[in-house]
Number of protein chains: 2
Amino acid sequence: MTAPRLLDVAAAAGVSRATASRVLAGTPRNVDPDLARRVEEAARRLGYRTNHSARALRTGTTGTVGVVVPSLANPYFVQLADAIAQQVRAAGGQLVVSDAANSPAIEAEQIETLLSGRVDGLLVVPVSAAASGPAVRAAAGRAPVVLFDRWAHGSGTAAVTLDNAAAMRLLLDHLEGLGRHRIALVAADQASSSGAERLAAFTAARGAGAATVLLPSFTTDAGRTAGRRIAARRAEVDAVVCGADVLAVGLVSTLQRSAVSVPGEIAVTGFDDTELLELLDPPITSIRHPLADMAERALALLQGPAADRTESVERFAPQLVVRASTDADAHP
Amino acid sequence: MTAPRLLDVAAAAGVSRATASRVLAGTPRNVDPDLARRVEEAARRLGYRTNHSARALRTGTTGTVGVVVPSLANPYFVQLADAIAQQVRAAGGQLVVSDAANSPAIEAEQIETLLSGRVDGLLVVPVSAAASGPAVRAAAGRAPVVLFDRWAHGSGTAAVTLDNAAAMRLLLDHLEGLGRHRIALVAADQASSSGAERLAAFTAARGAGAATVLLPSFTTDAGRTAGRRIAARRAEVDAVVCGADVLAVGLVSTLQRSAVSVPGEIAVTGFDDTELLELLDPPITSIRHPLADMAERALALLQGPAADRTESVERFAPQLVVRASTDADAHP
DNA sequence: ACAGTGTGGGAGATCGATCTCCCACGGCTC
DNA sequence: GAGCCGTGGGAGATCGATCTCCCACACTGT
């Protein structure tokens, strides 16, 4: 029992393949309503499904968008991919997600794989601001590419990101408003634009001598390392801003093991507003990204004219979500 | 600048398309090494990439495997998808992951989308043992489908799962060996085969009257609900087995908020061995699935003869990972 | 030297849907 | 009533890679 083809549907409905195609693919062309009904009926009866390879070959489009994220082990990127998937599906498309394992080399491979005739366009959350540029630029020469959440030098394409500087100001204003002035930053992954921008904004606001703990990567484990260092200097610090939720979670659990009270002795904030934050007691204050808006904009750029994709960075406004890790009276 | 086709490569190398195809697609056929080098050189020079739609149309295969998981919000399924992705990539293929949002209806849609000419085969982690069957059976009639991690009634295909009964025995033996005898189960999602099997195994071992808390879904929030109920009955319980890590994490954090010491007063175990478990103090004892082996087997079934995919369940041996939530002396 | 054998290469058919013509037909104008 | 136009449908070309032949040539054994 071989799968029915358009030809079979056309024969069953007593029309030509062209007409059947016009009906089923929704080509903008008037077809006699009566014939249309017959075609649809026949398609349903035979259980016809359009062969996507054939359609893609003929039309040159696949209806699929790809996204490459640094690592799905970080729940923030899962959430991000999900936000994009919602938008893509709403538009009748499909999303393919790839994981770059935090390596620019693997990232380049994933981009290459997705781009060779499998997707119409690509969103990339670049692993590194410096090292990801060339691969993205090469990709952008072959198909529409838009950077998401982070940018990369020399990418040659547009980026849709969070306004990290504004986010940092929100956090610092919030903490200072609560009377916290000895604020330390736990920053990770300076190679990424988001990591670098968050550090730069902190330094700009607090002065070059401000306390910072720099870590290699956005992982819970790095957060625990930071926790040990902060605990050792607990007398000098009354608040810690973490550059990512995964860091904050590791940090808070380590601080608590060292009997440092949060927020009593040290207030802590995260960044990204993932579900992880609700796990601990206290839940952690964080920054929410307007992911739905960002995804909508990125997809519009992807599908719009190439002229709109010149190298640039578009920044979206963050939102502060206050929880008990900074303000014990914040409602749960 | 239009993309180079096989024809262009062949012309540049001074051979026919057939020969160029034999070289680049690796058809099992002898080609003069000298010609082969010329073809490869030309392909590289022109920046040729094979058009996957055309290849797929002609060969009828896409080199892509799909997997549908109940929800990527549960980190266990992210981990599971990653294990499958590793195996698929090692075999030179690509994996497409879809999220069923814990709904059999959306699951059926995702299966349908993936199956219409986009994947060679499909792995499904069915949302529900009862409700997922029909959609899976329909899919299995059109392409190779194998169930993963869970099974579904009337699916008409093979399933590769964990031996949940053995896992439950490992946990109970471990707890009883530590002198814990007033053990409660926190079970969720009885609609899924894994949820149901874990409950059944617990009841079989501890008797029908054994304490259980039943919850609708595998979420952290459900874990917190369970935590409140267990805390209210703290005198009757000295150990809690959770049917999933996300439950255990919610449970432990809630118990600690109620000043119940873990494991001092109540020992707690998870299920699935996700990274979440390292977040809390104490880290939580759990069950590790042999995901790499399971993925290897599932893919072998997918690519093997249809006769091997008659409805059946193959169970893999679990592994107990002891952490401080049951045995305070276990090393970190 | 010749039929037989084996090896490597090419011409053309093929996968299935869509797109580009072109044609038939009915209604309209003057 | 003849020419025009607009509408709807069909035949065939097309997308790009692979597969199925079949042919040319070199080498073998008698």
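First the proteins, then the strands, lettered A, B, ... as listed; each starts at 1. What's counted below: heavy atoms across the whole structure, side chains too, no hydrogens, waters or symmetry copies.
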B:Leu35 CG to C:dT7 C1', straight-line distance once rounded to whole Å: 13 Å

From C:dA17, C:dG10, D:dC19, nucleotide with atom closest to B:Arg58 side chain: D:dC19

Separation of D:dA17 C1' from B:Asp8 CG (nearest whole Å): 13 Å

Separation of atom CG in B:Leu6 from atom C1' in C:dT14, rounded to whole Å: 15 Å

Nearest-nucleotide 5' precedence on DNA chain C, B:Leu57 against A:Ala25: B:Leu57

Partners meeting ring-ring contact (aromatic ring centres under 6.0 Å, His included) with B:Phe77 (sequence neighbours left out): none

A:Thr19 side chain near D:dG10 phosphate (N/O to OP1/OP2, under 4.0 Å): yes

Separation of A:Phe148 CZ from A:Leu122 CG (nearest 0.5 Å): 13.0 Å

Distance test, side-chain N/O of B:Tyr48 to OP1/OP2 of D:dG16, below 4.0 Å: no

B:Arg37/B:Glu41 salt bridge by N-O under 4.0 Å criterion: no

Presence of donor-acceptor pair under 3.5 Å, side chain of B:Arg17 and base of C:dG12: yes

From D:dT14, D:dC19, D:dG10, nucleotide with atom closest to B:Thr59 side chain: D:dC19

Rounded distance [0.5 Å steps], CE in A:Met294 versus OG1 in A:Thr161: 6.0 Å

Distance, rounded to the nearest Å, where A:Arg118 contributes CZ and D:dA17 contributes P: 14 Å

Donor-acceptor pair present, A:Arg22 side chain and D:dG10 base, under 3.5 Å: yes

Spacing of A:Leu7 atom CG relative to D:dG10 atom C1', expressed in whole Å: 13 Å

Gap between atoms NE2 and P, on B:His52 and D:dA17 respectively (whole Å): 11 Å

Nearest-nucleotide pick for B:Asn30, side chain only, options being C:dG8, C:dA17, D:dG16: C:dG8

Which nucleotide in C:dA17, C:dA11, D:dG9 has an atom nearest any side-chain atom of A:Asp32: D:dG9

Nearest-neighbour nucleotide for the A:Asn51 side chain, C:dG9, C:dA17, D:dG8 considered: C:dA17

Base D:dT18 paired with B:Arg55 side chain (donor-acceptor, <3.5 Å): no

Out of D:dG16, D:dT18, D:dA11, whichever nucleotide has its closest atom nearest the side chain of B:Ala54: D:dG16

From A:Ser155 atom OG to A:Arg309 atom CZ, the distance as rounded to the nearest 0.5 Å: 12.0 Å

